[in-house]
Amino acid sequence: MSKIKKLGLLMLVALVLVGIVGFVGVRVRFPVRYLEYVQEHAGQLDASWVLAVIMAESSFRPQARSPQGAQGLMQLMPATATWVAGLMGKTDFDPADVWDPAVNIALGSFYLNWLYNRFGGDITLMLAAYNAGQGNVQNWLNDPTTSANGVTLDVIPFTETYYYVQRVRFNQRVYAFILRFYR
């Protein structure tokens, strides 16, 4: 075998190894857990959006609790979880149920879909409302300094929410790529 062919073969092997190591690294940084629940409850949304929110909210830790009191994988506030359970027609809901990943994902996914529809299918508004509350988003839409047309946001005035939306959008692109290998 000529030196050029050997060098080409070595470069090909090196590229394959770099690709494998890169993919494994992505999978470690962006785990895919509870996929069956996510796919079951994603509704109108691609599963990658639900996974992206879970990653941003709790990094897939089912016992995560925020200083503000949000709970579980999708970081639901107890009042929000109870309200969403009512929208879903759950009459036997106990707020402690949010610690169960299946219940948390069902409630959080339902709420994401509800927000998606409430804000006309606008992902940015859905994510901003999930993070900052639908009342804040509606106020921003009504304010000409944050929304020139009252339909989309020109500015997200909460820095935390702005970065949250960016983080979830990034996570979603990664999960959309990863999920291509699951189908």
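The figures here come from the full heavy-atom set of this structure, side chains too, leaving out hydrogens, waters and symmetry mates.
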(request) Check step by step if side-chain contact (heavy atoms from CB on, under 4.5 Å) holds for V32 and V38. (result) CA-CA 10 Å; V32 177; V38 169; over 6 Å; no

(message) For a side-chain contact (heavy atoms from CB on, under 4.5 Å) check, start with the C-alpha distance between L127 and W49, then their side-chain angles and the critical distance, and finish with the verdict.
(response) CA-CA 10 Å; L127 295 174; W49 285 108; 3.9 Å; yes

(message) Show, in sequence, the C-alpha distance, side-chain angles and deciding distance for N171 and L51, and conclude whether the side-chain contact (heavy atoms from CB on, under 4.5 Å) test is met.
(response) CA-CA 8 Å; N171 291 351; L51 291 169; over 6 Å; no

(request) Evaluate the criterion side-chain contact (heavy atoms from CB on, under 4.5 Å) for residue pair L107 and T80; output intermediate values, then yes/no. (result) CA-CA 9 Å; L107 293 169; T80 302; over 6 Å; no

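The environment of F110 atom CZ is dense: over 12 non-hydrogen atoms of other residues, nucleotides or ligands sit within 6.0 angstrom. Counting non-hydrogen atoms of other residues, nucleotides and ligands closer than 6.0 Å to CD of E36 gives a total above 12.
Using modelled atom types, one side-chain atom of N113 and one backbone atom of A42 make a donor-acceptor pair closer than 3.5 Å. Looking only at distances, no side-chain donor or acceptor of N136 sits under 3.5 Å from a matching main-chain atom of N131. When atom types are taken as modelled, the side chain of T82 and the backbone of P78 share a donor-acceptor pair closer than 3.5 angstrom. Of the possible donor and acceptor atoms, none in the side chain of D100 sits under 3.5 Å from a partner among the backbone N and O of D97.
Scanning all heavy atoms of the two residues, the minimum distance from G108 to L76 falls at N-CD1, 3.9 Å. Shortest non-hydrogen contact noted between P101 and P62 is CG-CB, 3.9 Å. Scanning both residues, Y175 and M55, for their nearest heavy atoms gives OH-SD, 3.7 Å. The two residues W140 and T146 come nearest to each other via the heavy atoms O-OG1, 2.5 Å. Taking all atoms of both residues into account, the shortest heavy-atom contact from G72 to W99 is N-CZ3, 3.5 Å. Contact detail for A129 and F119: the closest heavy-atom pair is CB-CE1, 3.6 Å.
Side-chain heavy atoms closer than 4.5 Å link hydrophobic residues (I, L, V, M, F, W, Y) into clusters, and following such links, possibly through other members, connects Y163 to I54. Cluster annotation: Y116 is not connected to V151 through the hydrophobic network of ILVMFWY side chains, with a link wherever side-chain heavy atoms come within less than 4.5 Å. Both L115 and L87 belong to a common hydrophobic cluster when Ile, Leu, Val, Met, Phe, Trp and Tyr are linked at side-chain heavy-atom distances under 4.5 angstrom. Residues L112 and F93 share a single hydrophobic cluster, defined by chaining ILVMFWY side chains whose heavy atoms lie under 4.5 Å apart. The cluster map of Ile, Leu, Val, Met, Phe, Trp and Tyr, joined by side-chain heavy atoms under 4.5 Å apart, puts I105 and M77 in different clusters.
Atom CG of L125 sits about 9.0 Å away from atom CD of Q138, to the nearest 0.5 Å. Annotation: the span from M126 atom CE to Q44 atom CD amounts to 10.5 Å, rounded to 0.5 Å. Taking CG of L141 as the reference point, atom OG1 of T152 lies at 7.5 Å (rounded to 0.5 Å). The CD atom of Q63 sits 8.5 Å away from atom CG of L73, with the distance rounded to the nearest 0.5 Å. Note that OG1 of T161 and CZ of R167 are 10.0 Å apart. Values are rounded to the nearest 0.5 Å. With rounding to the nearest 0.5 Å, the separation of CE in M74 from OH in Y34 is 13.0 Å.
By the 30° and 60° cut-offs, the orientation of the rings of F181 relative to F177 is perpendicular. Taking the six-membered ring where tryptophan is involved, the planes of Y111 and W83 are perpendicular, since the angle between them exceeds 60° and thus also 30°.
By the 4.5 Å heavy-atom criterion applied to side chains, V50 and S48 are not counted as neighbours. For the pair T124 and I156, the minimum side-chain heavy-atom distance is below 4.5 Å. With contacts defined as side-chain heavy-atom distances shorter than 4.5 Å, the pair V84/W114 does not qualify.
Side chain to side chain, Y164 and E57 meet the donor-acceptor criterion of an N or O pair below 3.5 Å.
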